[in-house]
Amino acid sequence: MSNTIIRCPWCGEDPLYVKYHDEEWGKTVTDDRILFEFLVLESAQAGLSWITILRKREGYRRLFADFDPKAVSLFTAEQVDTIVQDPGVIRHRGKIAATVTNAQIFLGIQQEFGSFYNYLYSFMPDQAPITNKLLSLKDAPTSTPQSDAISKDLKKRGIKFFGSTICYAFMQAVGMVNDHLDSCHAKN
């Protein structure tokens with residue numbers, strides 16, 4: 001009898017990635033502040049690896065007001081200039097400036113729907129998470145009709161760096177979909 005823990009192979013053996021896989025990825029998030037955190041991080045990830053973003057997560061937390069959307073929505077051009085100079089984040093001016101705009105839009109969605117969570121789940125069948133049956137990574141989709149619809153609506157509202165593939169990664173991260181492999185210990 002083996003004591004080996006079986007995980008989704010994408011997390012490899014990096015302790016930070018393993019911790020993220022085991023403790024966060026695929027677990028349903030209802031807290032809007034955490035949803036905003038993942039909106040920021042996933043938008044920053046566009047074109048990069050997720051481990052790169054995880055390694056800079058604390059820098060994002062420090063520079064983006066502990067992911068407080070109200071505070072971020074009020075950032076000035078000078079604050080954006082300062083953040084662009086800090087190696088604690090991905091120093092992409094467009095992504096950093098978009099985070100401020102995205103925070104403003106996020107707040108508008110909260111006001112319209114009561115919460116960002118309510119907004120997101122208005123796109124989900126039965127307003128509930130989806131658990132996919134996956135035998136291997138190649139079985140996992142990179143986008144779905146739900147991620148297409150959410151990203152299209154967010155784009156129409158002015159959100160940037162959040163296409164359907166990034167949106168689907170966000171959905172996986174915050175447990176809107178559970179894409180742990182069926183053999184993974186974190187599936188349930």
Side-chain angles (χ1 to χ4, degrees), residues 1-62 64 66-69 88-90 95 99 102 106 115-151 154 161-188:
M1 186 167 192
S2 171
N3 287 337
T4 303
I5 294 174
I6 298 173
R7 291 183 175 89
C8 299
W10 59 259
C11 69
E13 295 181 17
D14 182 297
L16 184 62
Y17 230 180
V18 168
K19 183 177 188 328
Y20 171 72
H21 169 274
D22 289 358
E23 297 177 11
E24 291 185 85
W25 194 74
K27 297 201 182 334
T28 303
V29 173
T30 59
D31 183 301
D32 270 12
R33 191 170 187 141
I34 298 170
L35 292 172
F36 180 68
E37 175 179 356
F38 278 98
L39 180 72
V40 171
L41 296 175
E42 291 287 355
S43 297
Q45 187 262 334
L48 302 169
S49 69
W50 184 243
I51 191 65
T52 299
I53 301 304
L54 281 181
R55 289 182 180 137
K56 292 189 178 279
R57 190 178 196 176
E58 289 312 311
Y60 278 92
R61 186 177 316 283
R62 174 176 50 85
F64 287 96
D66 198 27
F67 300 109
D68 177 349
V89 297
I90 303 301
K95 289 180 181 181
T99 300
N102 290 355
F106 181 93
S115 71
F116 194 69
Y117 173 87
N118 289 345
Y119 165 76
L120 291 171
Y121 278 84
S122 73
F123 292 91
M124 300 297 285
D126 303 318
Q127 288 71 52
I130 296 169
T131 298
N132 288 320
K133 298 233 172 264
L134 303 174
L135 299 178
S136 77
L137 290 180
K138 67 178 174 48
D139 297 331
T142 57
S143 65
T144 61
Q146 291 82 23
S147 68
D148 293 346
I150 293 168
S151 66
L154 287 173
F161 298 100
F162 207 74
S164 188
T165 301
I166 291 294
C167 182
Y168 192 73
F170 169 88
M171 292 169 69
Q172 290 173 310
V174 301
M176 292 175 72
V177 293
N178 183 332
D179 276 350
H180 285 285
L181 297 184
D182 292 351
S183 59
C184 178
H185 79 95
K187 181 64 175 192
N188 5 343

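What's counted below: heavy atoms across the whole structure, side chains too, no hydrogens, waters or symmetry copies.
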Across all chains, not counting sequence neighbours, the ring-ring contact (aromatic ring centres under 6.0 Å, His included) partners of Phe170 are Phe162

Query raised in the report: Would you say the ring centroid of Phe67 lies under 6.0 angstrom from that of Phe64?
Result: no

Hits for salt bridge (Lys or Arg N to Asp or Glu O under 4.0 Å) against Asp32, two or more places apart or cross-chain, chain-then-number order -> none

**Prompt:** Is there a donor-acceptor contact under 3.5 Å linking the side chains of Thr142 and Thr165?
**Reply:** no

By side chain to side chain contact (heavy atoms under 4.5 Å, CB included), Ile130 pairs with (sequence neighbours left out) Met124, Pro125, Asn132, Gln146, Val177

- Query: Taking the six-membered ring for Trp, are Phe116 and Phe106 ring centroids under 6.0 Å apart?
  - Reply: yes

Any chance the rings of Trp10 and Tyr17 have centres within less than 6.0 Å?
-> yes

d(Glu24 CD, Phe38 CZ) to nearest 0.5 Å is 4.5 Å

Across all chains, not counting sequence neighbours, the salt bridge (Lys or Arg N to Asp or Glu O under 4.0 Å) partners of Arg62 are Asp86

The side chain to side chain contact (heavy atoms under 4.5 Å, CB included) partners of Asp182 (sequence neighbours excluded) come to Lys133, Leu135, Lys187

Side chains of His21 and His180: do they bring a donor and an acceptor to under 3.5 Å? yes

Tightest non-hydrogen contact, residues Ile90 and Tyr60, listed as N-OH, 3.1 Å

Sequence neighbours excluded, the answer for salt bridge (Lys or Arg N to Asp or Glu O under 4.0 Å) partners of Asp14 is Arg55

In this structure, CG of Leu120 is separated from CE of Met176 (nearest 0.5 Å) by 4.5 Å

